[in-house]
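Input: a single structure, listed below in structure tokens.
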Amino acid sequence: MADVRPNASDNGTEITTGPISGSRKVFRGTESGLQVPFRRIELTNGEHLDVYDTSGPYTDENATVDVHSGLHRMRAGWADGREHRTQLGWAKAGVITREMEYIATREGMPPELVRDEVASGRAVIPANRCHPESEPMIIGKKFLVKVNANIGNSAVTSSVEEEVEKMVWATRWGADTVMDLSTGKRIHETRERILRNSPVPIGTVPIYQALEKVNGDPAALTWEVYRDTVIEQCEQGVDYMTVHAGVLLRYVPLTANRVTGIVSRGGSIMAAWCLAHHRESFLYTHFGELCEILRAYDVTFSLGDGLRPGSIADANDRAQFAELETLGELTHIAREHEVQVMIEGPGHVPMHKIAENVRLEEELCGAAPFYTLGPLTTDIAPAYDHITSGIGAAMIAQAGTAMLCYVTPKEHLGLPNRDDVKTGVITYKIAAHAADLAKGHPRAQEWDDALSKARFEFRWTDQFNLALDPDTARAFHDETLPAEPAKTAHFCSMCGPKFCSMKITQDIRKFAEERGLTSVEAIEAGMQEKSAEFAGTGGKVYLPIAD
Ligand SMILES: C[C@H]1O[C@@H](n2cnc3c(N)ncnc32)[C@H](O)[C@@H]1O
Ligand SMILES: Cc1ncc(COP(=O)(O)O)c(N)n1
Ligand code: SF4
Ligand SMILES: [Zn+2]
């Protein structure tokens with residue numbers, strides 16, 4: 001088993017490094033020689049499986065990581081000698097950028113398809129040129145479904161070091177992007193440490209820090225404070241920003257009779273500002289200027305759903321869909337500025353109302369990638385909302401959502417810790433992969449088939465190592481059968497040796513093979529044997545018990 005080497009930081013919080021059990025990092029070269037990482041799972045039968053790898057150098061045995069100096073600035077210089085343009089701008093000009101080339105290898109798709117999806121706005125590549133540490137990735141419905149993990153401190157709890165470790169931990173288990181939603185102390189410094197050490201794109205909600213700058217009073221916010229905060233974050237390297245520009249003054253009354261009102265933080269802040277001044281949102285009135293700022297850095301818009309439903313009762317109501325219409329209008333404005341856009345979605349939605357969300361989003365927002373929070377499919381299970389929302393996430397991803405924002409077991413109850421982050425990420429990797437399978441992604445099933453085969457052949461170590469969470473899979477097995485010989489045993493403690501159905505199946509196949517029969521013939525041969533036996537006993541169904 002691979003060792004996990006803790007890398008101590010200032011205050012003793014450890015940064016997790018070392019390969020995931022049973023795998024190692026390998027690189028595949030692109031046409032122009034870019035090195036794209038994969039996680040290679042080595043199997044005991046001599047085969048191996050390479051899977052998508054979000055974890056950066058932290059899982060590379062041959063890399064040294066120092067959280068004080070930050071990650072290697074891989075993309076520094078990639079845009080040298082070129083005029084500043086966004087990925088959307090290049091794609092529309094017919095140019096395949098290095099980011100697109102890298103992504104094509106990463107996704108196993110043709111570079112021209114990557115370019116075309118970006119050009120049409122159906123996919124985005126969040127890659128601020130001030131975040132050269134990040135490994136290029138794409139968000140779009142034709143590609144693998146992605147997962148975002150939310151982290152960040154609050155006024156109540158957490159430190160910079162803990163948040164950096166949450167980022168490393170989330171990407172270790174497969175988070176494709178991370179949002180720093182800090183609202184507590186040292187917001188700038190926390191984000192700086194996360195950015196310099198993150199191999200994945202980082203998203204933020206700038207209005208949170210702007211509110212902090214005006215001491216938490218929404219009415220005191222101004223366009224100028226907001227604009228300067230956005231520029232500060234662009235300079236730091238934030239790759240995508242949630243902007244709740246669809247919360248219009250006239251939509252606020254539509255939430256009056258809701259069961260849970262406005263549950264979006266950004267949405268509630270903007271609604272409070274609009275009402276306090278009885279003016280249209282400055283995010284809406286200054287949207288063009290905002291586009292110009294984001295364009296200069298190639299920061300992607302994540303148009304926020306400030307009026308998303310926060311309960312089953314409020315799903316798909318007028319407030320929610322009125323805002324979505326405005327997000328559609330803003331999408332087209334951003335695209336005219338060649339700024340990339342994705343659209344944030346709900347929230348809390350019962351299963352029968354999920355598909356309508358995707359249909360409307362695609363229709364109103366020019367098929368911009370949809371990025372949804374779950375949705376939670378019922379409100380009755382606080383402490384299990386990774387599951388209530390994992391169900392909705394799988395469904396909405398199958399319907400075409402490109403990125404799923406995880407929900408952890410702590411949702412509605414408190415700030416998630418490191419363990420909650422892992423539970424949230426693994427839950428959402430399941431939803432995302434289940435959707436990849438359902439959508440017929442050409443290579444998704446390889447992984448399932450490799451695991452199924454290992455399971456049927458009782459290659460226990462391979463079954464663990466192929467798992468999304470190898471450590472937990474192994475620990476669960478070993479709880480009852482820890483001895484080494486059990487790693488090749490033809491049963492586990494669920495059914496035991498005599499009732500293991502897969503073992504019995506293998507016996508059937510062996511029986512057939514020994515007689516040179518196909519399985520169906522074997523069953524018939526077996527039945528004939530049995531019926532001869534039956535006839536031999538005088539055709540009685542119940543036999544007298546011998547004494
Ligand atoms: C919009 C989503 O963001 C989550 N959220 C808000 N702040 C944080 C944080 N600091 N850490 C993790 N998740 C957060 C909410 O719980 C909601 O699910
Ligand atoms: C998918 C997703 N992630 C994050 C947020 C921001 O949070 P909030 O809207 O509460 O400010 C959001 N609206 N949607
Ligand atoms: S999660 Fe907690 S702090 Fe956030 S809106 Fe709900 S009750 Fe308020
Ligand atoms: Zn909620």
Side-chain angles (χ1 to χ4, degrees), residues 139 146-159 162-163 166-167 170 175 177-185 187 190-191 194 203-211 218 240-247 259-271 283 301-315 320 323-324 327 342-349 357 361 369-382 385-386 388-389 392-393 396 401-418 420-421 423-425 428:
I139 302 165
K146 303 303 189 294
V147 172
N148 168 70
N150 289 330
I151 61 165
N153 68 12
S154 75
V156 180
T157 181
S158 201
S159 65
E162 282 174 90
E163 293 309 317
K166 279 187 202 169
M167 177 276 292
T177 73
V178 165
M179 288 193 85
D180 175 11
L181 300 179
S182 291
T183 53
K185 289 194 207 96
I187 293 179
T190 304
R191 188 170 54 235
I194 291 170
T204 60
V205 187
I207 198 83
Y208 299 174
Q209 193 187 2
L211 185 69
Y240 65 92
M241 293 184 186
T242 296
V243 179
H244 300 85
V247 180
V259 170
T260 47
I262 301 176
V263 297
S264 155
R265 260 187 211 160
S268 63
I269 295 165
M270 289 317 298
L283 297 177
F301 271 118
S302 186
L303 294 179
D305 52 345
L307 300 181
R308 68 173 175 271
S311 52
I312 291 299
D314 296 344
Q320 186 196 337
E323 180 190 40
L324 188 59
L327 297 186
M342 51 185 175
I343 304 292
E344 289 181 4
H348 295 238
V349 184
N357 279 271
E361 187 271 347
F370 206 17
Y371 167 33
T372 61
L373 179 64
L376 286 76
T377 52
T378 169
D379 293 339
I380 67 169
D385 279 332
H386 56 307
T388 63
S389 69
I396 209 162
T401 285
M403 182 155 79
L404 303 171
C405 182
Y406 83 0
V407 172
T408 75
K410 290 279 168 66
E411 186 74 8
H412 307 111
L413 302 171
L415 192 76
N417 63 25
R418 183 178 180 271
D420 302 318
V421 165
T423 303
V425 170
Y428 273 66

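Just follow the structure's listing: the first ligand is 1, and inside any ligand the first atom is 1. Predicted, not measured: the structure shown is a model, and the values here were computed from it.
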Item to check | Among Val205, Thr242, Leu415, side chain to side chain contact (heavy atoms under 4.5 Å, CB included) partner for Leu181 | outcome: Val205
Next on the checklist: Treating Tyr208 as the side-chain partner and Gly266 as the backbone partner, does any N or O pair qualify as donor plus acceptor under 3.5 Å?
Outcome noted: no
Next on the checklist: Please list, in number order, the atoms of ligand 2 under 4.0 Å from a heavy atom of Asp305.
Outcome noted: 12 (C), 13 (N), 14 (N)
Checklist entry - Hey, mind stepping through His348 and Asp379 against side-chain hydrogen bond (donor to acceptor under 3.5 Å, both in side chains) and telling me if it holds? => result CA-CA 8 Å; His348 295 238; Asp379 293 339; 2.8 Å; yes
Checklist entry - Of all the non-hydrogen atoms in the protein, which one sits nearest to atom 7 (O) of ligand 2, and at what distance? => result Tyr208 OH, 3.2 Å
Checklist entry - What closest approach, in Å, do Arg308 and Gly347 show between heavy atoms, and which atom pair accounts for it? => result CD-CA, 4.0 Å
Item to check | Polar proximity ligand 2 side, Gly266 side, N/O cut 3.5 Å exclusive | outcome: yes
Checklist outcome for this item: Closest non-hydrogen contact found for Asn153 with Glu163 is N-CD, 3.8 Å
Next on the checklist: In the structure I gave you, are the side-chain heavy atoms of Val407 and Tyr428 within less than 4.5 Å of one another anywhere?
Outcome noted: yes
Next on the checklist: Taking distance alone, with N or O pairs closer than 3.5 Å, would you say His244 contacts ligand 2?
Outcome noted: yes
Next on the checklist: Restricting to non-hydrogen atoms, name the atom on Pro346 and the atom on Gln320 that form the minimum distance, rounded to 0.1 Å.
Outcome noted: CG-NE2, 3.7 Å
Next on the checklist: Taking 4.0 angstrom as the limit and counting only heavy atoms of Cys405, give me the atoms of ligand 2 inside it, by number and element.
Outcome noted: 1 (C), 3 (N)
Checklist entry - Is any side-chain heavy atom of Glu323 less than 4.5 Å from a side-chain heavy atom of Asp305? => result yes
Checklist outcome for this item: Sorted by chain and residue number, the residues with a non-hydrogen atom under 4.0 Å of ligand 1 are Asn150, Ile151, Gly152, Asn153, Leu181, Arg265, Arg308, Leu373, Glu411, Leu415, Pro416
Checklist entry - At their closest point, which heavy atom of Phe370 faces which heavy atom of Asn357, and how far apart are they? => result CE2-O, 3.8 Å
Next on the checklist: Checking contacts here: is it the side chain or the backbone of Ser264 that comes within 4.0 Å of ligand 2, counting heavy atoms only? Could be both or neither.
Outcome noted: both
Next on the checklist: Set out, in order, the CA-CA distance, both residues' side-chain angles and the distance that settles side-chain hydrogen bond (donor to acceptor under 3.5 Å, both in side chains) for Asp180 and Thr204, then state yes or no.
Outcome noted: CA-CA 5 Å; Asp180 175 11; Thr204 60; over 6 Å; no
Checklist entry - Who gets closest to atom 10 (O) of ligand 2 by heavy atom: Arg265, Glu344, Met179? => result Arg265
Checklist outcome for this item: Taken by chain and residue number, the protein N/O/S atoms under 2.8 Å from the Zn ion (ligand 4) read His348 NE2, His412 NE2
Checklist entry - Do any N or O atoms from the side chain of Thr372 and from the backbone of Leu404 form a donor-acceptor pair under 3.5 angstrom? => result no
Item to check | Flag side-chain contact, heavy atom, 4.5 Å: Tyr371 against Cys405 | outcome: yes
Next on the checklist: Show, in sequence, the C-alpha distance, side-chain angles and deciding distance for Asp420 and Thr423, and conclude whether the side-chain hydrogen bond (donor to acceptor under 3.5 Å, both in side chains) test is met.
Outcome noted: CA-CA 5 Å; Asp420 302 318; Thr423 303; 5.5 Å; no
Next on the checklist: Please list, in number order, the atoms of ligand 2 under 4.0 Å from a heavy atom of Arg308.
Outcome noted: 8 (P), 9 (O), 10 (O), 12 (C), 13 (N)
